[in-house]
Asker: 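Below is the structure I would like to discuss, written out as structure tokens.
Keep in mind that this is a model prediction, so the values were computed, not measured. As a basis for the values below, the full set of heavy atoms in this structure was taken, side chains included, without hydrogen atoms, waters or symmetry mates.
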Amino acid sequence: MAKLDKQLKDYSAWVKKTVLPRARTDFRLPEPLYAYNLEQVGLDITPRDLIGRAELEFMETTYALQALAPVVAKAEGLPEGDYRDVLKALKKKQLAKDKVEPTYHDVLLKIEDTIRKQRIVELPKRQMAMRMASEAENARTPAPHMDPPPFIGNTGQRGTFVLTSGNPPTSGQKTESYDDFTFEAAAWTLTAHEGRPGHELQFAAMVEQGVSLTRSLFAFNSVNVEGWALYSEMEMMPYEPPAGQFIALQFRLLRAARAFLDPMLNLGLIDRDRAHDILVNDVGLSEPMARQELDRYTLNSPGQATAYFYGYTRILQLRAETQTRLGKKFDRKAFNDFLIAQGLLPPDLLAEAVRTRFIPEQEKKKD
């Protein structure tokens, strides 16, 4: 340990002396390089086009939240007010650690029952794997998440939905705690996104149906993975209680905010303080979550956070096109099952598969 300690101190001194004097003083990447980052996560539009689309979605979602706010307040016994006030009141209903897993288990059963009754997508016969995170996992990743199975050399491993019980403050200050994922109403949309019919179902289909080595290595990107998960949230939203619907909209608001704040910060169209205000005051994130988001856009992974919104919109566009073509012959379950069966595909190739295979097959069916 003494030798390691000396090596780390020597390395730190070398970084300060040799690297930092040559480092940029601004986090912003050159615009062509930032655009390339977007391509790497699966986007095929320019940063400025993305900003326009996301700002429109952001405003439409705030209207939807405001319209739903009085319904949620009445259902939950909360004072009526602006959607921001209703959100703050919902977040006060934090789950005790021993209530997290039972709550999610109950929500999952209701979601699965809805999926079957509404014919949304085919479900596996087996139960979904779920477990509580350790304290170390809570500190590293405060949000519930899917621990995916290996796609190459899989010998029966399945993905696991990892539940979190919050990240305790390190400085003793309440403002350092995440309250964004550990309240009761959030369980609905988090289960739909990370569990079923989201990532768990998506990854399970890839393992069980088989996916080529080429696709496993080169087709996996944030647009095709996160697009399905956000689409899954919206598929389940109409069947959730008002508070669950409200948080589904709040999370969609976050994805829209990411899709314009990330490029705006990297193109110098907004400063970090103003972006922070939008995330905290309008989206309703906790202080540590807002800081994590801003670090993600500017330092840790510029461009990646935009993929949720873009992947979701591409699936919606494809579904609208398909419904328009098929009319009464459109079958939601058949459409969703077809998307899942494709594994990982970029939006253009997924659209091509739907147009050349799914639509013709459905058109041949008798009324």
Side-chain angles (χ1 to χ4, degrees), residues 34 38 43-73 80-91 180 185-186 188-189 192-193 222-223 226-227 229-238 240 242-286 289-290 293-294 296-298 302-321 347:
Y34 178 72
L38 295 185
L43 279 79
D44 53 11
I45 60 173
T46 68
R48 295 176 190 273
D49 286 340
L50 177 63
I51 290 170
R53 294 189 191 187
E55 286 178 327
L56 175 61
E57 174 76 10
F58 187 86
M59 290 307 302
E60 289 181 338
T61 306
T62 58
Y63 285 131
L65 278 165
Q66 192 58 55
L68 189 57
V71 178
V72 175
E80 288 192 22
D82 184 82
Y83 80 86
R84 300 166 183 83
D85 299 323
V86 174
L87 176 59
K88 289 177 182 177
L90 282 177
K91 292 175 80 172
D180 307 274
W188 291 89
T189 200
H193 183 105
S222 294
V223 163
E226 300 299 350
L230 183 48
Y231 171 73
S232 296
E233 290 183 40
M234 293 303 105
E235 278 284 76
M236 298 310 305
M237 179 183 155
E240 296 170 356
Q245 295 180 15
F246 190 79
I247 300 307
L249 285 174
Q250 188 230 353
F251 274 58
R252 190 165 83 186
L253 190 71
L254 170 61
R255 276 54 171 267
R258 287 171 170 174
F260 70 82
L261 291 179
D262 191 309
M264 287 182 75
L265 283 162
N266 282 281
L267 299 182
L269 302 176
I270 194 172
D271 62 32
R272 186 177 170 115
D273 288 342
R274 178 64 190 124
H276 167 273
D277 290 344
I278 292 171
L279 291 173
V280 172
N281 299 327
D282 296 325
V283 180
L285 301 185
S286 64
M289 178 66 179
E293 286 289 310
L294 292 170
R296 181 178 185 176
Y297 311 158
T298 58
Q304 187 275 335
T306 67
Y308 296 72
F309 167 77
Y310 188 67
Y312 163 67
T313 58
R314 289 298 301 269
I315 293 179
L316 281 191
Q317 289 170 339
L318 182 58
R319 176 163 166 175
E321 176 188 334

Asker: To the nearest 0.5 Å, tell me how far Q66 CD sits from D82 CG.
Answerer: 4.5 Å
Asker: Does any N or O in the side chain of Y83 come within less than 3.5 Å of the main-chain N or O of D282, such that one atom is a donor and the other an acceptor?
Answerer: yes
Asker: Rounded to the nearest 0.5 Å, what separates atom CG in L316 from atom CG in L230?
Answerer: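 That separation rounds to 8.0 Å.
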Asker: So, Q304 side chain and S222 main chain: donor-acceptor pair closer than 3.5 Å or not?
Answerer: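 Such a contact is absent between Q304 side chain and S222 backbone.
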Asker: Would a distance-only check, ignoring hydrogens and angles, find a side-chain to backbone donor-acceptor pair under 3.5 Å from D180 to M289?
Answerer: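 Absent.
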Asker: Show the nearest heavy-atom pair for residues L254 and E293, with the distance to one decimal.
Answerer: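 Closest pair (atom of L254, atom of E293, distance): CD1-OE1, 4.0 Å.
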Asker: So, taking the atom named CG in L56 and the one named OG1 in T61, what distance separates them when rounded to the nearest 0.5 Å?
Answerer: 9.0 Å
Asker: Working to the nearest 0.5 Å, report the span between CG of L269 and CZ of R48.
Answerer: 5.5 Å
Asker: Do L294 and L265 make a side-chain contact, defined as non-hydrogen atoms from C-beta onward lying under 4.5 Å apart?
Answerer: yes
Asker: Counting C-beta onward and ignoring hydrogens, is there a side-chain heavy-atom pair between I278 and I270 closer than 4.5 Å?
Answerer: yes
Asker: Kindly give the heavy-atom pair with the smallest separation between L90 and A243, and that separation in Å.
Answerer: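 Heavy-atom minimum between the residues: CD2-CB, 4.1 Å.
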Asker: Are H276 and V280 close enough that some pair of their side-chain heavy atoms sits under 4.5 Å apart?
Answerer: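 They are in side-chain contact.
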Asker: Are any non-hydrogen side-chain atoms of R255 and E233 less than 4.5 angstrom apart?
Answerer: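 Yes, close enough: below the 4.5 Å cut-off.
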Asker: Report yes or no: is the cationic atom of R53 (NZ for Lys, CZ for Arg) under 6.0 Å from the centre of the six-membered ring of F309, at an angle within 45° of the ring normal?
Answerer: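 Verdict for F309: no cation-pi partner in R53.
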Asker: Measuring only between side-chain heavy atoms, which start at C-beta, is L87 closer than 4.5 Å to I247?
Answerer: yes
Asker: Any non-hydrogen side-chain atom of R314 less than 4.5 Å from a side-chain atom of Y310?
Answerer: yes
Asker: Measure across V86 and G81 and return the closest heavy-atom pair with its distance rounded to 0.1 Å.
Answerer: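 So the two residues come closest at CG2-O, 4.1 Å.
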Asker: Between D85 (side chain) and E80 (backbone), is there a donor-acceptor pair under 3.5 Å?
Answerer: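 No, D85 side chain to E80 backbone: no donor-acceptor pair under 3.5 Å.
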Asker: Kindly give the heavy-atom pair with the smallest separation between I51 and L267, and that separation in Å.
Answerer: CD1-CD1, 4.3 Å
Asker: Begin with the C-alpha distance, continue with both residues' side-chain angles, and end with the deciding distance and a verdict on side chain to side chain contact (heavy atoms under 4.5 Å, CB included) for L285 and Q250.
Answerer: CA-CA 10 Å; L285 301 185; Q250 188 230 353; 4.3 Å; yes
Asker: In the structure I gave you, are the side-chain heavy atoms of R258 and T306 within less than 4.5 Å of one another anywhere?
Answerer: no
Asker: Might you work through the side chain to side chain contact (heavy atoms under 4.5 Å, CB included) test for Q245 and V71, ending with a clear yes or no?
Answerer: CA-CA 11 Å; Q245 295 180 15; V71 178; over 6 Å; no
Asker: Checking side chain to side chain donor-acceptor pair (under 3.5 Å) for the pair R319/Y231: CA distance, chi angles, key distance, verdict?
Answerer: CA-CA 11 Å; R319 176 163 166 175; Y231 171 73; 2.9 Å; yes
Asker: Taking all atoms of both residues into account, what is the closest heavy-atom pair of L50 and A259, and its distance?
Answerer: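 So the minimum-distance heavy-atom pair works out to CG-O, 3.4 Å.
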Asker: Side chains of Y312 and R252: any donor to acceptor distance under 3.5 Å?
Answerer: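 Judged by distance alone, the side chains do pair up.
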Asker: Strictly distance-based, threshold 3.5 Å: is any side-chain N or O of K91 a donor or acceptor partner for the main-chain N or O of G284?
Answerer: yes
Asker: Would you check if M264 and E55 make a side-chain contact, meaning some heavy-atom pair closer than 4.5 Å?
Answerer: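 M264 vs E55: side chains touch.
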Asker: Of all heavy-atom pairs between A290 and L279, which one has the smallest distance, and what is that distance?
Answerer: O-CD1, 4.0 Å
Asker: Over 60° means perpendicular and under 30° means parallel, so classify the ring planes of H193 and Y308, tilted if in between.
Answerer: parallel
